[in-house]
Every structure is written in C-alpha cells, then in structure tokens.
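Before any comments, here is the structure.
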Amino acid sequence: VFPQIRLISPFTPGGRNEEAHAGGRTVQEVETIGVRSEFFAISNRVLRLGGLFYEYHLERRSPVCILGADLAQELFPSVPPLGNVVQVTGGQHAPYTCIVRGVLQPITFTEEGRDPNRQLFLPHTFLDEKSLFPVYSRFVMQVRPGTDIESLGKAIRAFFQQKYGDSAVF
C-alpha cells in the first residue's frame with residue numbers, strides 16, 4: 001500500500017516490570033515486547049546466538065523468544081541459553097513460558113527506565129494472545145531513502161481513518 005516503506009513491524013509492549021525465571025534464577029525489571037523479525041533490522045539489533053522468528057512462528061503464535069544479552073547471561077550464566085525455557089510473570093497477563101530461540105548482541109542505550117539488554121522479544125501474535133488488552137498501538141518502520149516522512153505520516157493516517165474511522169488515535 002505504501003511503497004515508501006521498506007520494513008515495518010508491530011511494536012507491542014508487554015510490560016516493563018516483568019520477571020523472567022529459568023533454572024532457579026529470577027531476573028526482575030524485564031521488558032517484554034512483541035515484534036516481527038523485521039524489528040531487529042529496523043532497530044539495528046544483531047543476534048549473537050541463534051535465529052530470528054520465522055513466519056510460521058507468527059502464524060502459529062509460537063512461544064519462542066529472543067533475549068537481550070544481559071538477560072541471557074543472568075538467567076543462564078553457566079549453560080547455553082538456546083532451547084531453554086523461560087517463564088515470564090507479572091504485567092497484564094497470565095504467566096507464560098517461551099523457548100529461547102536467540103540472544104542479541106549487547107548494546108548501549110540511554111532512555112530512562114529502559115535497558116535493551118534486559119528485553120525479551122516474542123512474536124507479536126503470541127504476546128497479543130497472552131495480553132488482557134491486546135492493542136496495536138505502535139509500529140516501527142524503515143522507509144526508503146528520500147521519503148518525505150511528514151507526507152508519508154499523513155497518508156498513513158488518512159488510510160487508517162478511511163478504513164477504520166475514528167477508532168484510532170494518531
């Protein structure tokens with residue numbers, strides 16, 4: 001619909017004060033986020049181990065996850081994290097488990113209240129299913145060089161207002 005968009009991914013916040021549990025260890029203040037694999041290219045996040053989500057993970061709402069570097073180290077200090085199970089509790093959902101599919105390279109990031117190295121990423125379809133209030137409130141995108149962002153934003157807004165009326169906030 002919008003050829004100016006090169007990559008796009010939902011960005012579904014699950015919660016910032018989650019707890020992750022594995023192997024008798026607990027890590028607090030974990031941020032869970034539902035995304036598509038395109039998110040990692042858009043945000044320049046690089047895998048250190050494992051793989052990204054495949055389309056069938058999204059279609060099947062698979063309980064797989066990608067861990068930030070520090071979270072992986074804290075949960076699995078002496079064993080390889082890939083293939084292990086993490087339980088997530090807290091937030092606005094029932095507890096759930098996911099199988100570690102990947103671990104990200106550590107990054108430096110400074111936004112108050114956020115530590116990207118303690119984030120846990122899930123297929124957005126899986127997180128939506130677990131959430132009490134699933135809402136697509138955010139998207140991240142990468143546009144083609146030379147794109148007028150202001151014009152594209154207005155076109156996207158008009159598209160959604162025509163399709164859904166005033167049910168969305170921009």
Review point. Mind checking what makes side-chain contact (heavy atoms from CB on, under 4.5 Å) contact with L47, not counting sequence neighbours?
Key: L52, I66, L104
Do [X] and [Y] have side-chain heavy atoms sitting under 4.5 Å apart?
X	Y	answer
P81	L49	yes
Y96	T32	yes
P10	R36	yes
V88	V30	no
Q142	E38	no
F76	L67	yes
S151	Q4	no
Q73	P106	no

Step through the shown structure and confirm whether more than 12 heavy atoms of other residues, nucleotides or ligands are within 6.0 Å of [atom1] on [X].
X	atom1	answer
R144	CZ	yes
Q87	CD	yes
Q105	CD	yes
Q162	CD	no
R48	CZ	yes

Heavy-atom closest contact ([X] atom, [Y] atom, distance):
X	Y	result
A41	L7	CB-CD1, 3.9 Å
L122	C65	CD2-CB, 3.8 Å
L71	A20	CD1-CB, 4.1 Å
P116	R45	O-NH2, 3.2 Å
I149	V143	CD1-CG2, 3.5 Å
A72	V103	CB-CG1, 3.7 Å

Quick check for you: to the nearest 0.5 Å, what is the distance between [X] atom [atom1] and [Y] atom [atom2]?
X	Y	atom1	atom2	value
S9	F139	OG	CZ	8.5 Å
R118	Q28	CZ	CD	8.5 Å
I107	D115	CD1	CG	9.0 Å
E29	E19	CD	CD	9.5 Å
D128	R61	CG	CZ	7.5 Å
H21	L75	NE2	CG	9.5 Å

Are [X] and [Y] in one and the same hydrophobic cluster, where Ile, Leu, Val, Met, Phe, Trp and Tyr link if side-chain heavy atoms are under 4.5 Å apart?
X	Y	answer
V140	F121	yes
V85	V79	no
L82	I99	no

Point to revise | Parallel, tilted or perpendicular: ring planes of F11 versus F39, cut at 30 and 60 degrees | key: tilted
Check your understanding: Which class fits the ring pair Y54 and H57: parallel under 30°, tilted 30 to 60°, perpendicular over 60°?
Key -> parallel
Does [Y] offer a backbone N or O that forms a donor-acceptor pair with the side chain of [X] under 3.5 Å?
X	Y	answer
R138	P13	no
T89	P95	no
S37	F53	yes

Review point. So C98 and L120, side-chain contact (heavy atoms from CB on, under 4.5 Å) or not? Walk me through it.
Key: CA-CA 10 Å; C98 62; L120 185 147; 4.3 Å; yes
Review point. What do the steps show when you test I156 against M141 for side-chain contact (heavy atoms from CB on, under 4.5 Å), and what is the final call?
Key: CA-CA 12 Å; I156 291 170; M141 67 182 75; 3.9 Å; yes
Practice item. Take V35 and H124 through the side-chain contact (heavy atoms from CB on, under 4.5 Å) test and state the conclusion after the steps. Key: CA-CA 5 Å; V35 298; H124 71 92; 5.6 Å; no
